[in-house]
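Worksheet for the structure shown next.
Sequence lines set the chain letters: A, B, ... in the order given, protein chains first and strands last, and positions in each chain run from 1. Just so you know, these numbers come straight off a predicted model, no measurement behind them.
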Protein chains: 2
Amino acid sequence: MPEQPSTPARRPLTLRDVSEASGVSEMTVSRVLRNRGDVSQATREKVLAAAKDLGYVPNKIAGALASQRVNLVAVIIPSLSNMVFPEVMTGINEVLDETPLQPVVGVTQYDPEREEKVLYEMLSWRPSGVIIAGLEHSENAKAMLRAAGIPVVEIMDTDGPAIDACVGISHRRAGRMMAQAILKAGYRNIGFLGTKMPLDHRARKRFEGFTEALAKEGIEIMDREFYKGGSALAKGREMTEAMLERTPEIDFLYYSNDMIGAGGLLYCLDKGIAVPGQVGLAGFNGVELLEGLPRRLATMDACRLEIGRAAAQIIADRAAEAGLAGGERVELAPKIEAGDTLKRR
Amino acid sequence: MPEQPSTPARRPLTLRDVSEASGVSEMTVSRVLRNRGDVSQATREKVLAAAKDLGYVPNKIAGALASQRVNLVAVIIPSLSNMVFPEVMTGINEVLDETPLQPVVGVTQYDPEREEKVLYEMLSWRPSGVIIAGLEHSENAKAMLRAAGIPVVEIMDTDGPAIDACVGISHRRAGRMMAQAILKAGYRNIGFLGTKMPLDHRARKRFEGFTEALAKEGIEIMDREFYKGGSALAKGREMTEAMLERTPEIDFLYYSNDMIGAGGLLYCLDKGIAVPGQVGLAGFNGVELLEGLPRRLATMDACRLEIGRAAAQIIADRAAEAGLAGGERVELAPKIEAGDTLKRR
DNA sequence: CTGAAAGCGCTAACAG
DNA sequence: CTGTTAGCGCTTTCAG
């Protein structure tokens, strides 16, 4: 076989190649490429030219091994497809962009086994920190996180003990707040619609807080309905229809997320059900989508952007300054947005 | 200061620690942990016990450097927040889950400079392959991709020359197909609504194909409107309102994505505009969301899941078997879903 | 089946 | 300002 036609690199370039091409020692080349230490303008330019010319891309694997420093932050979240985590990521990116740190995301699909595996994989790259959704993890996962010896920030939820730092909202309190607002508006026959996900602990905690606050006023949920999979908007319609047929006395529907809430709202408008007069509605999350609906669904902001920012800030601070205490705890206060579907009757 | 209370690892564990704890050589420990080569059941168990006991997590940095093998696939996409890329990711994950490869995603925000930076960062980890959205990249980026000497799959779009492999649909053809379907249904006064994003090349190509096919029948777009930022659903409403007021003769609205299309649909239904009698509507993407709308918006499936799967398969195949040719080209055929908003009048 | 030796490509630490 | 010397923690290769 003849020689390769031209470029297609067989062997990736190394510092040595740049060193030879520029006639400068490997060490100095390394300094230039990392902007470390003083290098004369002349050599700097020689090196940069050679590197660019060859198309050299440094090998971070070797660099990380030699320097014992990896500027990665592991971000472990349950899902990318529900609007909530992308926004958390935005917050994380915003602050990490100002630092040398880079987020690497892993997705668990609400599955503890997957979480454990993803975590193991990520930790094996020795990241500078971990941002992980939720407070509930397998014993193994918790052990790994403790043993990693790096900052760990558990996000989204503050209802429970954290391994290290923690940034989020209290979903129990969020559920209670919504219950109180609903009662205060005069609704009494309340239905709950949510996801059939025993592993979505935050949804569960909201539900618990919700029923607890109702119970305090001697009220019980009148009906409930859970779904799994499919288009959330469509499911919201279906579940709403099913519940209103089964329990026509219902005067308020509390949805565990905005997407099914939006489906419910569209259903009610379709059917000419007066909202919020005949039936009031509320969701959870404060997603942007709601702005385009014919009525603004009542919801509760989950502070997603803020959570991402605060979590990343904690990691960034601790990466920058060794010996910080750890154990930070940030509980954000979600606000009810009453919109057009939760009003005094 | 007294000693640390208990665990909190100062120094991460190494193979050597496991070796000492188990009384087995580092080399054999390594074999056990990687399931390579023959090791007696007895030593295997000793090693596994010691590793688990200590909570050892291998250092992939060192492993990768030593073995010159990194089981990462760089996935570079413009955005996570618009429903389309999460679905591509799902397809990628589906096939990579069956292999030792792991996806690592980088987000460019439709910004070529960011793309270049993200690409550089990812390549510096020496991944086994790259999956990157689009065919348009800066010269530098293209040079890096060529020089990397690893499989590169450009996805989503097939309208143009690829660096190596390519999986997607022809957006020009997609635009043409939709134009033909609209004309065939008898609409003639057509408006176009889209994003003001000169860097969304796929949206631009659809638009070009669309106008081109109309021109072939002697028809020109009657009005157009572009938006930037904000809630797509809300923007869809606003733009639709603006256009129908400005150009009341319009009988069809072609949206560059389903989300603004959905907003337009809701607006029309609100205003009692007969759809598709008075005005027909169509979007693009085939997002799940549409299923929950009062009418099914006409759209075109962009084969996102398939694209993800096929791209990952190419990388997986080439990673498994050295010396494959490269340059694979997969053009998927998007299908029009006429729904309820694009019907013969 | 098990071990010893020799790096992978880079950077810390120390000379000049 | 620049170069030299040792590794980083693992795996490859070659001997038992």
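Comparing B:Arg31 and B:Leu65 against DNA chain C, the residue whose closest nucleotide sits nearer the 5' end is B:Arg31. Heavy-atom nearest nucleotides on DNA chain D were determined for A:Gly23 and for B:Ala62, and the one closer to the 5' end corresponds to A:Gly23.
For the pair A:Asp164 (side chain) and A:Gly327 (backbone), a donor-acceptor distance under 3.5 Å is present. A distance-only check finds no donor-acceptor pair linking the side chain of A:Glu154 to the backbone of A:Val167 [under 3.5 Å].
Put simply, CG on B:Asp17 is 9 Å from P on D:dG9, counting in whole angstrom units. Rounded to an integer number of Å, the gap from B:Arg36 CZ to D:dT13 C1' is 14 Å. Computed from coordinates, the B:Gln68 CD to D:dT11 P distance equals 13 Å when rounded to whole Å. In this structure, the CG atom of B:Leu13 is 16 Å from the C1' atom of D:dC8, given to the nearest Å. Per the geometry, CG belonging to A:Asn35 stands 12 Å off P belonging to C:dT11, to the nearest Å. Whole-Å rounding puts the B:Leu33 CG to D:dG9 P distance at 16 Å. Look at CZ on B:Arg16: it is 9 Å from P on D:dC8, rounded to the nearest Å. One interatomic measurement links the two molecules: CZ of B:Arg44 to C1' of C:dT2, which rounds to 13 Å at whole-angstrom precision.
The 12-atom threshold is exceeded at CD of B:Glu20, counting heavy atoms of other residues, nucleotides or ligands nearer than 6.0 Å.
Neither OP1 nor OP2 of D:dC8 sits under 4.0 Å from any side-chain N or O of A:Ser67. In this structure, B:Tyr56 reaches the D:dC10 phosphate: one of its side-chain N or O atoms is under 4.0 Å from OP1 or OP2. Regarding contacts with the backbone of C:dC10, every side-chain N or O of A:Ser30 stays at 4.0 angstrom or more from both OP1 and OP2. Within the structure, every side-chain polar atom (N or O) of B:Arg126 is placed at least 4.0 Å from both OP1 and OP2 of C:dC8. Close to C:dT2, at under 4.0 Å from its OP1 or OP2, lies a side-chain N or O of B:Thr43. The phosphate of C:dC1 has neither OP1 nor OP2 within less than 4.0 Å of any side-chain N or O from B:Gln41. Distances shown here put every side-chain N or O of A:Ser25 at or beyond 4.0 Å from the OP1 or OP2 atom of D:dT4. Contact annotation: B:Thr28 reaches the phosphate of C:dG3 (side-chain N/O to OP1 or OP2, under 4.0 Å). Here B:Arg34 does not reach the OP1 or OP2 of D:dC10: none of its side-chain N or O atoms lies under 4.0 Å away.
Of all heavy-atom pairs between A:Tyr56 and A:Leu13, the closest is CE1-O, 3.5 Å.
Across all strands shown, A:Arg69 has heavy atoms under 4.0 Å from sugar-phosphate atoms exclusively, and none from any base. Base engagement by B:Asp38 is indicated by at least one non-hydrogen atom pair under 4.0 Å involving a base atom.
Residue A:Leu15 places its side chain closer to C:dT11 than to any other of D:dG3, C:dT11, C:dA4. The side chain of B:Met27 lies closest to D:dT13 when the candidates are D:dT13, D:dG9, C:dT11.
Under 4.0 Å is where a charged nitrogen must lie from a carboxylate oxygen, and between B:Asp111 and B:Lys117 no such pair does.
There is no side-chain donor-acceptor pair under 3.5 Å between A:Asn71 and A:Gln102.
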